[in-house]
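Inspection log for the structure reproduced underneath, given as structure tokens.
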Amino acid sequence: MAAAAATAATKGNGAGGGRVGAGEAAGTRKKKGPGPLATAYLVIYNVVMTAGWLVIAVGLVRAYLAKGSYHSLYYSIEKPLKFFQTGALLEILHCAIGIVPSSVVLTSFQVMSRVFLIWAVTHSVKEVQSEDSVLLFVIAWTITEIIRYSFYTFSLLNHLPYLIKWARYTLFIVLYPMGVSGELLTIYAALPFVRQAGLYSISLPNKYNFSFDYHAFLILVMISYIPIFPQLYFHMIHQRRKILSHTEEHKKFE
Amino acid sequence: MKHYEVEILDAKTREKLCFLDKVEPQATIAEIKNLFTKTHPQWYPARQSLRLDPKGKSLKDEDVLQKLPVGTTATLYFRDLGAQISWVTVFLTEYAGPLFIYLLFYFRVPFIYGHKYDFTSSRHTVVHLACTCHSLHYVKRLLETLFVHRFSHGTMPLRNIFKNCTYYWGFAAWMAYYINHPLYTPPTYGAQQVKLALAIFVICQLGNFSIHMALRDLRPAGSKTRKIPYPTKNPFTWLFLLVSCPNYTYEVGSWIGFAIMTQCLPVALFSLVGFTQMTIWAKGKHRSYLKEFRDYPPLRMPIIPFLL
């Protein structure tokens, strides 16, 4: 779901006023876009993020070649993964100050769910770090983010290659389910360890008359994927039809 | 007397939905809505939004046809607001829930706590006091809904009742669960803390009620007039000097009092969420006051004196 939300929810890191739905095709909307300073900043931000996720991708490949197996590759890319995924919190700020025309709520939801998985699940429950499900969502996120951030970079520079647009609106078909599976399996794997350690949980009696069961909370999170994931997935499918068919039309007249 | 013709088009599809001829120039939008309902009975007046521009603001029920910027053939655009439910119904439902639900926890009805606690009673005085305060608070709200409040709009969208009831009923259950729990821990500073908190709660409840009465008296029965509220002889209303929506200020104060009284984190969280929502409403109300009245007192803030 964190994988799904990443592509569906964000309208773009200030793609010069272009939005996920309208993009280059809509001629009727007013294109305000960020100012030149904000655009420069956003280009740098998106380039840095693209580079960061490329580092993670390369790190995965090198670790695989060195080890000869695809197990426990998480450890080789743990630091850049934490750094660049957490860095995405800035995107919430971008929406809040208005240099990116996306909803703060939607972006927050998307970024926080990623950050939650990285820190509150994978980092916090060490036993889960050697699971293959972690590799599943890391690969899904890596490919998605490399494409997404280059999409934004090129959009900001008003020079978006069709290939990138195609990739962004097509690869999700496989990457979403892949990412969601990885995420769910990882959370599921963490459950027994959370229960055993009473991780992040507080029980009665206590001074503030409050209790929290992290194990139950994680189960609720898993259940929430059921209504949320299909909505995001079908939204992207709908966007794909709109955006890719539109461009086909344009190409015909060129 | 020249009669008007009114055509009503769908705001989205521009389809011609209705044509009314021989409409009186002094006809109000409310009357036109009634005429429209005759040909489209599924769209009762409460769910009609009529406007001069498809993307513009809704016309008010009191607006008179003659006074609108239209020719003798007026074109109005219609938008379906969706199924509507009356404010009174929503308020009664959303307030009756917490009253009832809290009592289920207070009386330790079976299947909430362990079987050995069924129908037992807490040994802490503050727990009984909290139940009294919580229950009286919602009884007050129900009575105000029935006898005090004068609503500008009759209805709201139907989906609001589900959203609102989830919020009120959910939080009531969550708070009540901890306060009435067999393992509840009374406040750290004992009776002193409870007494102070009770005083805050009572004062703020009286304040909130005073403001509701003052607002009611601003508006004659059946009318929708809007006036600037001013302090009256009742000292509780003097908060109007500093704040546009003292009813919200007092309401937040009441819940802070209740949180201190019960020393229960869920209550504090409920107060915080309520405060956030009421601040949004207060800011909106404050903005409308400023827009509508040139002579609006400049010292006033929306909800917190001098600050917010």
How close do [X] and [Y] get, counting heavy atoms only, and between which atoms?
X: Lys207(A); Y: Gln263(B); value: O-NE2, 3.1 Å
X: Pro205(A); Y: Thr185(B); value: CB-OG1, 3.9 Å
X: Phe210(A); Y: Trp174(B); value: CE1-CZ2, 3.7 Å
X: Pro266(B); Y: Tyr208(A); value: CD-O, 4.3 Å
X: Thr262(B); Y: Asn209(A); value: O-ND2, 3.6 Å

When you look at [atom1] of [X], are more than 12 heavy atoms from neighbouring residues, nucleotides or ligands closer to it than 6.0 Å?
X: Tyr189(B); atom1: OH; value: no
X: His128(B); atom1: NE2; value: yes
X: Lys140(B); atom1: NZ; value: yes
X: Leu37(A); atom1: CG; value: no
X: Met222(A); atom1: CE; value: yes

Examine distances only and state if a side-chain atom of Tyr184(B) and a backbone atom of Leu204(A) form a donor-acceptor pair shorter than 3.5 Å.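 Checked: no pair found.
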